[in-house]
Amino acid sequence: MPELPEVETVRRTLYPRVVGRRLERVEILTERQIFHPDPGTFRAELEGAVFDDIERRGKYLLFSLGPLLLVAHLRMSGHLFVCGPEAPRQKHLHVVFHLDDGQELRYVDQRKFGGFHLLGPDRQGMPRGLANLGPEPLSPSFTPDVLAAALAGRQTSVKAALLNQALVAGLGNIYVDEALFCARIHPARPAGTLTEEEVARLHGCIRRVLARAVEKRGTTFSLYRDGEGNEGDMYDELQVFDRAGEPCPACGTTIQKVAVAQRGTHFCPRCQPAPEGVALTPVRARPGRRGRSVRVAAEPPGTYE
DNA sequence: CGTATGCCCTGCGCGC
DNA sequence: TGCGCGCAGGGCATAC
């Protein structure tokens with residue numbers, strides 16, 4: 001599940017291998033992964049163009065090639081990486097961008113949820129989510145006041161609000177659970193009920209968790225790899241995500257997994273007390289997690305921010 | 001507008 | 001061992 005830290009890591013690893021290269025040929029093996037425009041136009045526009053830059057907005061990767069903007073989203077299981085033409089073709093390979101140094105930028109996606117938009121100078125056809133994307137949480141413009149305004153007046157759970165890309169860009173299931181644990185806020189709390197102090201703590205925790213995950217080159221939970229095929233190192237530092245049944249690193253209480261906003265949600269019932277009158281559906285812990293060493297947080301919740 | 005629901009898709013865990 | 005079922009989930013369309 002690539003979220004902001006994973007997408008940023010892909011961006012950084014692709015950058016030196018892609019920027020400056022001419023795109024000689026685009027091979028589309030699965031047309032449905034080309035969202036806009038039609039695959040023939042997509043190919044024709046791109047062939048011969050030169051990659052100038054790669055940027056990231058939220059979970060979107062933005063490749064600029066002169067006036068063209070190639071927008072990629074990996075969704076659940078998309079992989080973008082550079083390899084040589086001799087590398088055996090992956091089972092779920094959908095698009096190959098042939099570069100002028102003989103290398104290939106490949107798009108592999110087991111679940112076929114992700115794919116590409118190509119925008120011209122007028123930027124017509126931009127995916128809605130990108131056009132409506134909220135602030136970058138690691139940029140200076142993301143202040144506690146900005147977060148407070150995004151959450152104010154909302155009845156929905158703070159977890160659902162944080163997953164809403166129009167409110168804050170780049171958070172997904174893993175880092176929402178981690179940020180809420182860090183801030184000692186129960187994920188089912190109605191977003192609009194957070195106090196100013198809680199919002200400030202959450203703001204700091206979002207930045208802290210994401211920045212650390214970028215440092216660790218992302219979380220490899222199941223399939224994620226960066227643009228060079230390497231795993232991320234953040235998994236072992238996760239405090240609650242995928243740790244149902246294990247002791248809370250801060251207090252030792254058993255971490256629970258419940259459903260919030262139709263998402264598997266991990267939290268510590270002691271560090272993150274439930275709001276009044278909220279019934280939570282327990283979700284069985286994922287099997288096969290036994291034997292993992294329990295790491296103690298460098299600082300317990302409460303000393304953050 | 002805010003909020004909730006279903007869909008896309010594949011692999012895997014589970015129950016039998 | 002093998003088979004079928006249901007779940008997982010980001011973003012988007014759709015409904016209310």
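Everything numeric here is computed off the predicted structure, so don't read it as measured data. In what follows, chains are A, B, ... by sequence order, proteins preceding strands, each numbered from 1.
In this model, the phosphate group of dT10(B) is not approached by any side-chain N or O of S77(A) to a distance below 4.0 Å at OP1 or OP2. When the side-chain nitrogen and oxygen atoms of K91(A) are compared with OP1 and OP2 of dT10(B), none of them lie within a distance under 4.0 Å. For the OP1/OP2 pair of dT5(B) and a distance below 4.0 Å, the side-chain nitrogens and oxygens of Q262(A) include at least one atom meeting the criterion. In terms of phosphate contacts, H92(A) brings a side-chain nitrogen or oxygen within less than 4.0 Å of OP1 or OP2 of dG11(B).
Pairs engaging residues 123-146 of chain A under the salt bridge (charged side-chain N to carboxylate O under 4.0 Å, His left out) rule: R56(A)-E136(A), R57(A)-E136(A) [sequence neighbours left out]. Residue pairs meeting the salt bridge (charged side-chain N to carboxylate O under 4.0 Å, His left out) criterion with at least one member in residues 150-163 of chain A, sequence neighbours excluded: K159(A)-D177(A).
For the pair N164(A) CG and dC1(B) C1', the interatomic distance rounds to 12 Å; values are reported in whole Å. Rounded to an integer number of Å, the gap from CG of N132(A) to P of dC1(B) is 9 Å. Put simply, NE2 on H79(A) is 14 Å from P on dG10(C), counting in whole angstrom units. Taking atom CD of residue Q90(A) and atom C1' of nucleotide dT10(B), one finds them 17 Å apart after rounding to whole Å. As rounded to whole Å, 11 Å separates atom C1' of dA8(C) from atom NE2 of H266(A). Atom pair H94(A):NE2 and dC8(B):P shows a separation of 16 Å (rounding to whole Å applied). Rounding to whole angstrom units, CD of residue Q110(A) and P of dG9(C) are separated by 14 Å. One atom, CD1 of I174(A), and another, C1' of dA8(C), lie 12 Å apart when rounded to the nearest Å.
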Derivation of the side chain to side chain contact (heavy atoms under 4.5 Å, CB included) call for V95(A) and L29(A): CA-CA 6 Å; V95(A) 185; L29(A) 305 170; over 6 Å; no
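Residues R43(A) and E27(A) are not paired through a salt bridge, judged by the lack of any N-O separation under 4.0 Å between the basic side chain and the carboxylate.
Ring centroids of H203(A) and F142(A) are separated by less than 6.0 Å, placing the two rings close together.
F116(A) is linked by a ring pair (Phe, Tyr, Trp, His ring centres under 6.0 Å) to F97(A), Y107(A), counting only residues two or more places apart in sequence or in another chain.
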Under 4.0 Å protein heavy-atom contacts per nucleotide of nucleotides 11-16 of chain C, with B for base, S for backbone only and - for none: SSS---
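In this structure, the nucleotide among dT3(B), dA8(C), dC8(B) sitting nearest to the side chain of R154(A) is dT3(B).
The hydrophobic cluster containing L119(A), built from Ile/Leu/Val/Met/Phe/Trp/Tyr side-chain heavy atoms closer than 4.5 Å, also comprises Y60(A), L62(A), L69(A), V71(A), M126(A), L130(A), L133(A).
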5'-to-3' dot-bracket of DNA chain C (Watson-Crick, G-U; under 3.5 angstrom; crossing pairs as [ ]; | other strand): .|||||||||||||||
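Exactly one residue among R22(A), R25(A), R21(A) makes a side-chain hydrogen bond (donor to acceptor under 3.5 Å, both in side chains) with D100(A). That residue is R21(A).
To the nearest 0.5 Å, atom OH of residue Y235(A) and atom CG of residue D242(A) are 3.5 Å apart.
For dG11(B), the base has no donor-acceptor partner in the side chain of R111(A) [N/O atoms by modelled type, under 3.5 angstrom].
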